[in-house]
Engineer: 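Before I ask anything, let me first share the structure, which is written out below as structure tokens.
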Amino acid sequence: MNGLWIAYFNAGAAHGNGIAVLRSGEILGGDFAHTWVGTYEEEGAKLYARVRVAPCLPQQEGEPAIPDHPRMMTLSGSCSESDAKLTGHADDSDVPVTIELHKAA
């Protein structure tokens, strides 16, 4: 999983894409409105992640509401050398979160 990944996410009304660097069990990344910091574990083709998603920009008019506090996400799914798909939710929400990762480098 070590490398630079393009991430596509859906979380209720919020959706978009960003970039994540996965290296030695750590995740660092973000999109234009959030930072992502967390950890991941691989067990064969299974992938597990805990990610802290924190807003880094004020909400723009007309955009879906962005929580003004960090949220912890618990995610699990499958991975290959070039792709991964994770599902889960924020610890304080039942809204499903889906993330697709495609290796860029």
Engineer: Answer with yes or no whether the hydrophobic clustering places Val37 together with Ile19; edges join I, L, V, M, F, W, Y residues whose side-chain heavy atoms lie under 4.5 Å apart.
Structural biologist: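 Val37 does not cluster with Ile19.
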Engineer: Supply the members, apart from Leu101, of the Ile/Leu/Val/Met/Phe/Trp/Tyr cluster built from side-chain contacts under 4.5 Å; use none for a lone residue.
Structural biologist: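 Direct or chained contacts put Leu101 with Met1, Trp5, Phe9, Leu22, Ile27, Trp36, Tyr40, Leu47, Val51, Val53, Met73, Leu75, Leu86, Val97, Ile99.
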Engineer: Any Lys/Arg nitrogen of Asp92 or Arg71 sitting under 4.0 Å from an Asp/Glu carboxylate oxygen of the other?
Structural biologist: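 Looking at Asp92 and Arg71, the cut-off is met.
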Engineer: Measuring from Asp91:CG to Thr74:OG1, what's the distance to the nearest 0.5 Å?
Structural biologist: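 Output value for this atom pair is 4.0 Å.
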Engineer: What distance separates Glu100 CD from Ile6 CD1, expressed to the nearest 0.5 Å?
Structural biologist: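 Between Glu100 CD and Ile6 CD1, I get 13.0 Å after rounding to 0.5 Å.
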Engineer: Are Asn2 and Ser24 close enough that a side-chain donor and a side-chain acceptor fall under 3.5 Å?
Structural biologist: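 Ser24 and Asn2 do not have a side-chain donor-acceptor pair below 3.5 Å.
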Engineer: About how many Å separate NZ of Lys85 and SG of Cys79, when rounded to the nearest 0.5 Å?
Structural biologist: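 It comes to 14.0 Å.
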Engineer: Might you confirm whether atom CD of Glu42 has over 12 heavy atoms from other residues, nucleotides or ligands at distances under 6.0 Å?
Structural biologist: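 Yes.
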Engineer: A side-chain contact here means heavy atoms from C-beta on lying under 4.5 Å apart; do Ser78 and Lys46 qualify?
Structural biologist: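 Ser78 vs Lys46: side chains apart.
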Engineer: Sequence neighbours excluded, which residues qualify as salt bridge (Lys or Arg N to Asp or Glu O under 4.0 Å) partners of Arg52?
Structural biologist: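 Partners of Arg52 under the salt bridge (Lys or Arg N to Asp or Glu O under 4.0 Å) test: none.
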Engineer: Examine the side chains of Thr39 and Arg50 and answer whether a donor and an acceptor come within less than 3.5 Å of each other.
Structural biologist: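 Absent: no donor and acceptor within the cut-off.
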Engineer: Between Asp83 and His102, is there a side-chain donor-acceptor contact under 3.5 Å, judged purely by atom types and distance?
Structural biologist: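 Checked: His102/Asp83 side chains pair up, N/O donor to acceptor below 3.5 Å.
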